[in-house]
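Every chain is numbered from 1, with letters handed out A, B, ... down the list of sequences.
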There are 2 protein chains.
Amino acid sequence: MARLSSADRRAVLVRAALRVIDRDGVYRATTRAIVAEAEMSLASFHYVFRSRDEMLGELFAFVVRREEEATLAALSSSVSIRQAVRSGLQAYFDLLAAHPEREQALQELIQYALRTPELAALPGAQYRRYVHSAQTMLEHGAELTGVRWAIPIEQLSGVLVAFTDGLTMSWLANRDDSAAAALMEFAADAIAAQSVPARSIPASDPPREQPQ
Amino acid sequence: MARLSSADRRAVLVRAALRVIDRDGVYRATTRAIVAEAEMSLASFHYVFRSRDEMLGELFAFVVRREEEATLAALSSSVSIRQAVRSGLQAYFDLLAAHPEREQALQELIQYALRTPELAALPGAQYRRYVHSAQTMLEHGAELTGVRWAIPIEQLSGVLVAFTDGLTMSWLANRDDSAAAALMEFAADAIAAQSVPARSIPASDPPREQPQ
DNA sequence: GTCTATACACCGATAGAC
DNA sequence: GTCTATCGGTGTATAGAC
């Protein structure tokens with residue numbers, strides 16, 4: 001194998017490991033399988049990574065970053081906030097349907113990290129980043145469509161993330177596209193119901209639920 | 001070890017395996033660790049189970065059954081349907097908070113089963129059972145509080161399961177009780193909003209959400 | 001820096017004594 | 001029916017030649 005800088009070799013190995021994990025699962029992504037995928041020797045792995053777990057930590061960060069970028073890019077122009085939320089969910093679902101192995105791999109990585117003391121803090125951090133992304137989308141969507149949120153935005157972001165988690169779990173389990181669509185319709189309705197026109201005086205009959 | 005019937009020995013091993021999985025994860029629940037936990041010899045394991053995967057299949061069925069019974073038992077008497085849904089969610093959450101290892105173990109088992117051809121059908125079946133449980137609860141709750149559902153019950157059951165999945169994922173990641181409570185409030189509102197009084201004439205302003 | 005060869009632990013599963 | 005002993009294989013990680 002050609003001479004590579006340490007950073008380059010780490011990146012090559014992380015990408016190779018990701019292909020193995022997508023294909024065969026975290027459990028089978030052994031150091032041997034990874035270096036075979038990357039077409040390099042086993043010793044080269046341990047020349048740039050102290051351990052397999054160290055590599056998995058770097059891989060986890062890479063995956064979270066990639067996922068974040070993909071979903072944030074999906075903010076389309078919409079006339080209503082309901083439509084904006086709905087199409088944001090659709091963009092996520094399209095990603096899920098196009099690469100189910102990736103989402104499954106991410107779930108496995110979360111479980112693995114939770115069981116590994118050295119990596120146990122990563123899932124919490126990843127989750128906070130997702131909530132933050134959701135918050136950005138909700139704020140931006142509200143601004144674009146001229147509404148504001150009637151309940152605290154942090155709370156609503158958590159709800160949106162929970163919806164996408166639930167969507168992911170159920171679709172991975174049954175691959176039922178129409179059930180997924182129904183769930184997204186429901187979620188878009190329920191979230192949009194928490195919006196009020198941006199310039200209106202706060203209603204005396206306060207927020208909670210029901211039409212917009 | 002005393003002589004046991006095959007069925008008894010299988011049950012003993014399944015329960016021991018469950019303790020190991022709760023404590024150390026599916027990945028570390030090796031045949032050796034399991035028989036050590038059960039205080040029997042390795043050969044006894046293979047006397048009653050053809051393979052480790054065969055045992056895990058039996059264990060998976062056991063866990064799904066246990067989970068189902070626990071949630072179905074939680075249907076309390078409530079005056080409003082919102083309150084009924086809310087307390088149903090609370091009952092599930094109490095279970096989750098009391099035994100987080102169990103839910104984490106279940107997630108791992110699902111991932112493992114999806115990667116194992118012999119067990120790949122189990123998660124789908126488990127998911128259908130959950131949706132069915134949710135449907136039973138929603139039907140029963142509606143009956144008790146004198147309402148009916150404005151959208152198809154299968155659809156609403158899927159939503160409820162998605163909420164519990166999202167609740168599970170987020171709480172396992174951040175252990176934030178108040179965020180979990182906020183999510184449950186939101187879910188109870190959103191689901192109860194799909195109910196109408198049982199004896200009323202269907203509203204002319206029809207029940208949000210598309211028919212399927 | 002990169003390789004081959006190997007150490008050493010542990011895996012699932014089985015043979016064969018009792 | 002239950003055990004000890006062991007097989008063949010694979011895991012992570014490292015030693016040492018080049």
Side-chain angles (χ1 to χ4, degrees), chain A residues 1-21 23-60 105 108-109 111-113 115-119, chain B residues 1-21 23-60 108-109 111-113 115-120:
Chain A
M1 190 80 185
R3 287 181 183 222
L4 291 176
S5 77
S6 223
D8 284 350
R9 189 174 292 277
R10 286 165 78 103
V12 167
L13 282 167
V14 164
R15 274 149 183 90
L18 214 37
R19 289 195 299 276
V20 176
I21 291 174
R23 192 193 328 121
D24 303 325
V26 173
Y27 178 79
R28 293 184 183 83
T30 64
T31 50
R32 286 178 141 93
I34 293 163
V35 297
E37 175 75 24
E39 294 181 305
M40 66 177 74
S41 77
L42 186 54
S44 294
F45 183 100
H46 286 287
Y47 184 75
V48 293
F49 286 115
R50 195 177 313 109
S51 69
R52 175 174 177 267
D53 282 345
E54 184 184 86
M55 188 275 298
L56 284 176
E58 197 160 304
L59 181 144
F60 193 90
E108 288 178 352
L109 282 166
Q111 302 300 334
Y112 182 84
R115 293 288 188 191
T116 308
E118 191 191 344
L119 307 177
Chain B
M1 190 82 187
R3 280 155 124 91
L4 291 176
S5 76
S6 221
D8 285 350
R9 189 173 290 275
R10 288 166 78 103
V12 167
L13 282 168
V14 163
R15 274 148 183 90
L18 214 37
R19 289 194 299 276
V20 176
I21 291 174
R23 186 174 65 240
D24 302 324
V26 173
Y27 178 78
R28 294 184 182 82
T30 64
T31 51
R32 289 178 145 90
I34 293 163
V35 297
E37 175 76 24
E39 294 180 305
M40 65 178 74
S41 77
L42 185 54
S44 294
F45 183 100
H46 287 287
Y47 185 76
V48 292
F49 286 115
R50 195 176 316 110
S51 69
R52 177 175 177 268
D53 282 344
E54 183 183 90
M55 187 275 298
L56 284 176
E58 196 159 307
L59 181 145
F60 193 91
E108 288 179 351
L109 283 166
Q111 302 299 337
Y112 181 84
R115 293 289 187 189
T116 307
E118 191 191 344
L119 307 177

Review point. Phosphate oxygens OP1/OP2 of dT2(D): is one of them under 4.0 Å from a side-chain N or O of Y47(B)?
Key: no

Revision key, fill the gap. Between the CG atom in L4(A) and the CZ atom in R10(A), the distance rounded to the nearest 0.5 Å is 13.5 Å

**Study point:** Straight-line distance of E58(A) CD to E54(A) CD, nearest 0.5 Å
**Key:** 7.5 Å

Study note, to complete from the structure: Readout for nucleotides 5-18 of chain C: B = base within 4.0 Å of protein heavy atom, S = sugar-phosphate only, - = neither; 5' to 3' it is -B----BBBBB---

Check your understanding: Counting N and O atoms only, with roles assigned by atom type, does the side chain of S44(B) sit under 3.5 Å from a partner on the main chain of M40(B), one being a donor and the other an acceptor?
Key -> no

Check your understanding: So, T116(B) side chain and L119(B) main chain: donor-acceptor pair closer than 3.5 Å or not?
Key -> no

Study note, to complete from the structure: In whole angstroms, the gap separating P of dT2(D) from CE of M40(B) amounts to 8 Å

Practice item. Kindly state each residue pair satisfying salt bridge (charged side-chain N to carboxylate O under 4.0 Å, His left out) with at least one member in residues 25-36 of chain B, sequence neighbours excluded. Key: none

Practice item. Quickly work out the I34(A) CD1 to dG11(D) P distance and round it to whole Å. Key: 10 Å

Exercise for review: Please check the phosphate of dT2(C) (OP1 and OP2 only) for any side-chain N or O of R9(A) closer than 4.0 Å.
Suggested key: yes

Exercise for review: Pick base, sugar-phosphate or nothing for S41(B), based on heavy-atom distances below 4.0 Å to the nucleic acid.
Suggested key: base

Review point. How many Å lie between CZ on F49(A) and P on dT14(D), as a whole number?
Key: 15 Å

Exercise for review: Return the value, rounded to whole Å, for the distance between atom CD of E118(A) and atom P of dT12(D).
Suggested key: 15 Å

Study note, to complete from the structure: E108(A) meets the side-chain hydrogen bond (donor to acceptor under 3.5 Å, both in side chains) criterion, sequence neighbours left out, with R115(B)

Check your understanding: When the distance from CG of D24(A) to C1' of dG11(D) is rounded to whole Å, what number comes out?
Key -> 16 Å

